[in-house]
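What follows is a single structure, written as structure tokens, with notes after it.
Position 1 is the first residue of the sequence, and the numbers go up from there.
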Amino acid sequence: MADETEIVAAPEVEAAPTEAPRGRSPRGGRGGNSGPGRGGNRDNNRARRDGGGSRDDGGEELIEKLVHINRVSKTVKGGKRFGFAALVVVGDGKGRAGFGHGKAREVPEAISKATAAAKKKMIRVPLRDGRTLHHDGNGHFGAGRVTLRSAPQGTGIIAGGPMRAIFESLGVADVVTKSVGTSNPYNMIRATFEALGEQTSPKSVAQRRGKKIADLLGRGGSQTAQADAAAITE
């Protein structure tokens, strides 16, 4: 008589999750990151829309302008890693503006970093009648050279590309500009802010020299100069 053996069922073992091969994403992409496919293009196109707004720490509404966004790639073992660099200009439309740039693996994160950097470096530019510059100015950074000129009412913003975004955020309505040299948006913006940083108002010059504003605007304190001096608030 054969020995009877008891058959015991083996305990169920939970299957371990299969891990995707290193260097490949679950969707079959390479590099473990989503490349500039459909999703990247949608984020890129959405981020290029100007006119975004946010509030600073003081609760003041700010104008945000996305000037430039650059996609870079790094080749690593198993594929490429993509990153984005954003250049943003912010301003309150009342004489304050700043710029900043940020880098990240995704477009929205790069834009948020650039916006935060721009808010920390905002400068105040004195404006005449709240619409144009007090005087002409020149700016130079790297191979970029810009010239800014005040303009009469109704001229509009005669500027292109990155410089237009600065003046729209700053609140300037009439200005004439010229850019000579490089068309690199980073150098153009830095040169423009260098020229804006040299802007002074008659009020500040009069205080520094210990004179009256009418003495600076007109000779002999004419009535026209006195009227112009009374209209200057900044």
Side-chain angles (χ1 to χ4, degrees), residues 13-57 61-92 97-123 139-146 159-170 179 181-194 196:
V13 180
E14 185 178 358
T18 58
E19 184 178 358
R22 190 173 183 179
R24 293 178 178 271
S25 62
R27 294 186 178 180
R30 303 183 67 86
N33 296 312
S34 59
R38 297 180 179 177
N41 289 336
R42 283 198 301 267
D43 293 340
N44 198 347
N45 295 334
R46 187 182 303 111
R48 287 180 180 273
R49 299 173 183 173
D50 292 336
S54 64
R55 292 184 178 272
D56 59 358
D57 297 337
E61 186 72 20
L62 296 179
I63 303 172
E64 298 178 6
K65 297 286 184 179
L66 178 61
V67 177
H68 181 72
I69 189 165
N70 186 33
R71 192 193 72 179
V72 296
S73 64
K74 178 182 179 181
T75 303
V76 297
K77 183 179 179 181
K80 294 182 179 181
R81 291 182 179 177
F82 293 94
F84 298 90
L87 178 62
V88 175
V89 174
V90 301
D92 61 353
F99 75 98
H101 66 279
K103 300 178 181 179
R105 302 290 289 274
E106 301 294 338
V107 175
E109 186 178 356
I111 295 176
S112 62
K113 287 183 178 180
T115 304
K119 292 178 181 179
K120 295 179 181 179
K121 296 189 298 183
M122 295 182 68
I123 63 172
H140 173 222
F141 188 90
R145 299 176 183 271
V146 299
M163 299 177 68
R164 172 176 289 273
I166 295 176
F167 293 111
E168 289 178 352
S169 303
L170 191 62
S179 175
T182 182
S183 59
N184 187 307
Y186 289 87
N187 289 347
M188 290 179 62
I189 283 187
R190 286 187 172 95
T192 304
F193 271 92
E194 180 181 340
L196 292 175

Which atom of [X] lies closest to which atom of [Y], heavy atoms considered:
| X | Y | result |
| --- | --- | --- |
| Ala86 | Ala114 | O-CB, 3.6 Å |
| Ala117 | Gly100 | CB-CA, 4.1 Å |
| Arg105 | Phe82 | NE-O, 3.5 Å |
| Asn70 | Val72 | ND2-CG1, 3.7 Å |
| Gly144 | Ala191 | O-CB, 3.9 Å |
| Ala165 | Val89 | O-CG1, 4.1 Å |

What is the distance from atom [atom1] of [X] to atom [atom2] of [Y], rounded to the nearest 0.5 Å?
| X | Y | atom1 | atom2 | result |
| --- | --- | --- | --- | --- |
| Lys119 | Leu62 | NZ | CG | 5.5 Å |
| Ser183 | Met188 | OG | CE | 7.5 Å |
| Thr192 | Leu196 | OG1 | CG | 6.5 Å |
| Asn187 | His140 | CG | NE2 | 9.0 Å |
| Met122 | Phe193 | CE | CZ | 8.5 Å |
| His101 | Ile111 | NE2 | CD1 | 14.5 Å |

Check: [Y] and [X] side chains under 4.5 Å, non-hydrogen atoms:
| X | Y | answer |
| --- | --- | --- |
| Arg164 | Lys65 | no |
| Glu168 | Ile63 | no |
| Met163 | Ser179 | yes |

query: Does the pair Ile166 and Ile189 meet the rule for a side-chain contact (heavy atoms from CB on, under 4.5 Å), with working shown?
result: CA-CA 8 Å; Ile166 295 176; Ile189 283 187; 3.9 Å; yes
For Phe99, the option from Val88, Val67, Leu87 that meets side chain to side chain contact (heavy atoms under 4.5 Å, CB included):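 So, applying the side chain to side chain contact (heavy atoms under 4.5 Å, CB included) to Phe99 and each of Val88, Val67, Leu87, only Leu87 qualifies.
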- prompt: Does Arg190 reach the main-chain N or O of Phe141 with its side chain, forming a donor-acceptor pair under 3.5 Å?
  reply: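 Pair absent, no side-chain N/O of Arg190 close to backbone of Phe141.
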- request: Using atom types as modelled and distance alone, determine if a side-chain donor or acceptor of Lys80 lies under 3.5 Å from a backbone N or O of Thr75.
  value: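 No; judged by distance alone, with no hydrogens or angles, the pair does not exist.
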message: The test is side-chain contact (heavy atoms from CB on, under 4.5 Å); show your working for Glu64 and Thr115 and say whether it passes.
response: CA-CA 8 Å; Glu64 298 178 6; Thr115 304; 3.4 Å; yes
Exceeds 12 heavy-atom contacts within 6.0 angstrom, atom NZ of Lys121: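 It does: Lys121 NZ has more than 12 such atoms within range.
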